[in-house]
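What follows is a short report on a single structure.
Note that the structure is predicted; figures quoted are calculated from it, not measured. Every chain is numbered from 1, with letters handed out A, B, ... down the list of sequences.
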Amino acid sequence: MQVTVAGQQVSVEAGMSLADIFKQALSGKQFKNLVVARCGEALLDLTTPVPAGCETLEPVFADSPEGLEVIRHSTAHLMAEAVKKLFPTAKVTIGPSVENGFYYDFDYERPFTPEDLEAIEAEMVRSVGADKPFARAELTSAEARAKFAAEGETYKVELIDDLGVEQVSTYTQGGFTDLCRGPHVPRTGLLKAFKLTTVAGAYWRGDEKNPMLQRIYGTAWATPKDLKVYLDRLEEAKKRDHRKLGTALDLFSFHEDVGGGMVLWHPKGALVRAILEDFERKEHLKRGYQFVQGPLILRRELWEKSGHYDNYRENMYFTEIDEQAYGIKPMNCLSHMLIYKSRLRSYRDLPQRYFELGVVHRHEKSGVLHGLLRVRSFTQDDAHLICRPDQLRDEIIGVVKFVRDIMDIFGFDFEAEISTRPEKSIGSDEDWDRATDALKDALDHMQMPYAINAGDGAFYGPKIDIKIKDALERRWQCATVQCDFTLPERFDLSYIGEDGNKHRPVMLHRVILGSIERFMGVLIEHFAGAFPVWLAPVQARILTVTDAQNGHAEKVLRFLQEKGIRAEADVRNEKLGYKVREAQLERIPYMLVIGDKEVEADSVNVRVRGGADIGLVPLDEAARIVREAAIEPFKRGGMSYSFS
RNA sequence: GCCCACGUAGCUCAGUCGGUAGAGCACUUCCUUGGUAAGGAAGAGGUCAACGGUUCGAAUCCGUUCGUGGGCUCCA
């Protein structure tokens with residue numbers, strides 16, 4: 001029999017394994033890097049023979065995405081083997097590969113300690129040294145069930161029962177056998193680059209009503225070098241952690257006495273926020289949005305009408321005064337709808353685009369709070385677009401373009417996902433289809449690729465979620481566009497059409513940055529605290545060499561401030577090196593050094609954040625340099641707007 | 001909310017077996033006037049998260065609450 005293997009014709013004899021076959025087609029180096037084989041869609045163990053009907057085999061190498069997944073999955077088995085050896089009473093559950101690594105959940109009488117992890121990892125290394133084969137076996141579900149039941153592996157029994165199939169497969173390496181579809185690497189010796197990272201609790205099957213299992217996370221890569229790169233990236237991420245930088249750069253703080261998830265913005269952090277917010281206001285005006293503003297608390301009856309009281313109550317804060325109950329808003333849409341309803345609207349008035357930097361409060365579960373990225377009180381750059389059905393597509397396109405423009409300015413890559421109708425939802429199929437198509441149309445029109453997140457939409461309509469990637473390729477959900485059929489219905493929104501009759505408008509909820517708090521957190525990490533000049537709370541700091549120049553420094557400071565530059569002067573009795581070091585640590589973009597020479601020439605010596613030295617520059621030229629660097633993003637789009 | 005860990009000076013952290021606290025940086029004062037990442041000296045600063053318990057005695061052991069971190073679940 002002839003088979004095409006990696007583009008070459010290979011003659012295959014009966015009983016040959018895929019490994020034997022690839023040996024003929026690949027170089028020794030390539031063969032060492034071979035993990036599994038692919039035939040069409042199927043990934044195959046190298047230990048198996050050529051399946052019937054397979055005419056073409058492709059190699060899957062260790063460093064390919066699929067190869068890495070196999071390696072990670074196999075490493076999870078390797079870890080389970082080690083855990084069962086060291087802790088025989090632990091019950092195994094599931095152990096999949098995940099991004100960058102894998103985990104395995106165990107049911108054990110106590111949590112694993114960091115020392116346990118070390119022991120487990122050492123045992124894994126021993127197993128790799130022994131280079132044991134991964135052996136696949138096919139058996140009937142009844143046989144497998146009996147086998148795992150005899151071993152007391154109750155979770156595996158449950159899995160087999162739930163699968164409801166005749167035949168299952170298992171993989172065995174060393175003394176450990178796991179229920180698994182495969183495929184796996186042929187031998188443990190191929191697993192050379194892994195590290196156990198952390199232990200955590202996790203619910204069986206992700207359901208909080210189920211028992212808490214012990215989850216061990218690990219990372220695994222094709223080579224030790226790749227592993228090191230990954231671990232270095234984690235180190236880098238730790239240095240950039242916005243919670244650390246927030247303290248170091250004096251941007252914000254949290255206080256026990258205030259409460260969890262409530263941010264206190266210090267002068268510099270509040271300034272960056274204000275710059276961001278101003279920037280957003282301008283960008284919204286450019287795009288035909290109108291500013292609106294509603295109160296923080298609204299009567300409870302209104303939340304009952306909107307459905308929030310029934311569906312969202314546990315996340316809301318309430319207050320009462322004069323025997324009247326109020327809900328503290330977790331969303332801004334109600335005020336916006338009431339503004340729309342405040343008068344009769346013509347089809348000519350649509351779309352109405354209401355924008356508000358709305359402060360919302362959501363009582364998030366205590367365990368989910370996380371720095372600025374998950375808080376209980378935050379500001380959304382929220383807008384509600386109320387439009388005619390025939391305008392929906394263009395409005396969505398406008399929002400997606402807006403998102404793209406903004407993310408480009410900050411240098412974020414992003415990914416789009418469309419979430420479709422969930423099981424529990426309201427509205428007609430027709431409405432859902434039309435809205436979902438409008439979302440897809442908009443992304444197609446923009447030539448933006450997207451993933452479908454089936455059944456993950458809000459109960460009132462489908463949505464586009466935009467996840468941005470920071471400098472370390474971590475993804476954060478910020479922007480979202482959601483279609484809503486419910487609220488216009490519940491609040492009886494209408495417009496008078498060309499035909500003189502009342503019609504129901506469609507409403508879009510959307511945010512661009514998401515929440516100012518979260519976006520600030522992502523920005524801090526993205527830039528490692530070194531904000532671009534236009535956002536930097538201090539754009540230039542004057543550093544005097546000795547206090548003989550302090551008088552001159554005051555004059556220079558006033559000059560820069562008059563030019564609209566956020567400048568300050570460091571006239572402390574410290575050495576220049578010390579002042580430079582501090583300015584550097586504070587990530588100030590421009591350091592303007594003034595000594596006797598500079599006083600004499602009415603100039604400054606410009607040092608750029610990062611160390612570059614521009615040298616002696618006349619004062620007005622220095623101001624020009626800083627201002628030039630500070631205006632960049634506002635020029636984009638070439639549109640004019642009026643905003644003072 | 002759940003599991004685990006943690007909470008000591010403004011920050012980063014030591015503190016052994018239970019015997020009522022220590023460093024570096026920052027801060028204040030003085031000396032120093034020094035040209036691109038830390039000049040020197042002295043001083044001040046802490047109900048050891050809070051509350052309760054055990055004990056002759058608690059930062060240390062136990063409990064509760066609050067907060068933080070890593071996850072789960074949820075989400076901007």
- request: For A:Asp613 and for A:Arg518, find the nucleotide of RNA chain B with the closest heavy atom, then tell me which residue's nucleotide is more 5'.
  value: A:Asp613

task: Give the nucleotide from the list B:A76, B:G71, B:G1 with an atom nearest to the side chain of A:Lys463.
output: B:A76

field: Rounded C1' spacing from B:A14 to B:A59 in Å
entry: 13 Å

message: Of the options B:C4, B:G35, B:A76, whose atoms approach the side-chain atoms of A:Pro111 most closely?
response: B:C4

query: Side-chain N or O of A:His370 less than 4.0 angstrom from OP1 or OP2 on B:G70?
result: yes

statement: In A:Leu560, A:Ile275, A:Val626, A:Val538, the residue satisfying side-chain contact (heavy atoms from CB on, under 4.5 Å) with A:Arg566 is A:Ile275

message: Using the side-chain heavy atoms of A:Arg362, tell me which of these nucleotides is nearest: B:C72, B:C75, B:U68.
response: B:C75

query: How about A:His526 and A:Phe410: are their ring centroids closer than 6.0 Å?
result: no

- prompt: Any idea which of B:G70, B:U73, B:G35 is nearest the A:Val368 side chain?
  reply: B:U73

query: Out of B:C4, B:C3, B:U68, which nucleotide sits closest to the side chain of A:Gln214?
result: B:C3

N/O contacts under 3.5 Å, protein versus nucleotides 60-66 of chain B?
from: B:C66; atom 1: O2; to: A:Glu256; atom 2: OE2; distance (Å): 3.2

- prompt: So do A:Phe106 and A:Met79 actually touch side chain to side chain, heavy atoms under 4.5 Å?
  reply: yes

query: What does A:Gly615 touch in the nucleic acid at a heavy-atom separation under 4.0 angstrom: a base, only the sugar-phosphate, or nothing?
result: nothing

field: Canonical and wobble pairing (Watson-Crick, G-U, under 3.5 Å) of RNA chain B, dot-bracket with |
entry: (((((((..((((.....[..)))).(((((.......))))).....(((((..]....))))))))))))....

query: Has A:Arg374 got a side-chain N or O lying under 4.0 Å from the OP1 or OP2 atom of B:G71?
result: no

task: Would you mind telling me which of B:G1, B:A76, B:U36 lies closest to the side-chain atoms of A:Lys365?
output: B:G1

task: Give the nucleotide from the list B:G35, B:G1, B:C3 with an atom nearest to the side chain of A:Met212.
output: B:C3

So which protein nitrogen or oxygen atoms get under 3.5 Å of nucleotides 38-44 of chain B's nitrogens or oxygens?
from: B:A38; atom 1: N7; to: A:Arg581; atom 2: NH1; distance (Å): 3.3
from: B:A38; atom 1: N6; to: A:Arg581; atom 2: NH2; distance (Å): 2.6
from: B:A38; atom 1: N1; to: A:Arg581; atom 2: NH2; distance (Å): 3.0

query: So do the side chains of A:Tyr590 and A:Ile565 get within less than 4.5 Å of each other, counting heavy atoms only?
result: no

Electrostatic pair A:Glu582:A:Arg541 at N-O distance under 4.0 angstrom: no

- prompt: Of A:Tyr203 and A:Arg215, whose closest RNA chain B nucleotide lies nearer the 5' terminus?
  reply: A:Tyr203

field: Distance in angstrom units between A:Glu582 CD and B:G34 P, rounded
entry: 20 Å

query: What is the distance, rounded to the nearest whole Å, between atom CZ of A:Arg572 and atom P of B:U28?
result: 9 Å

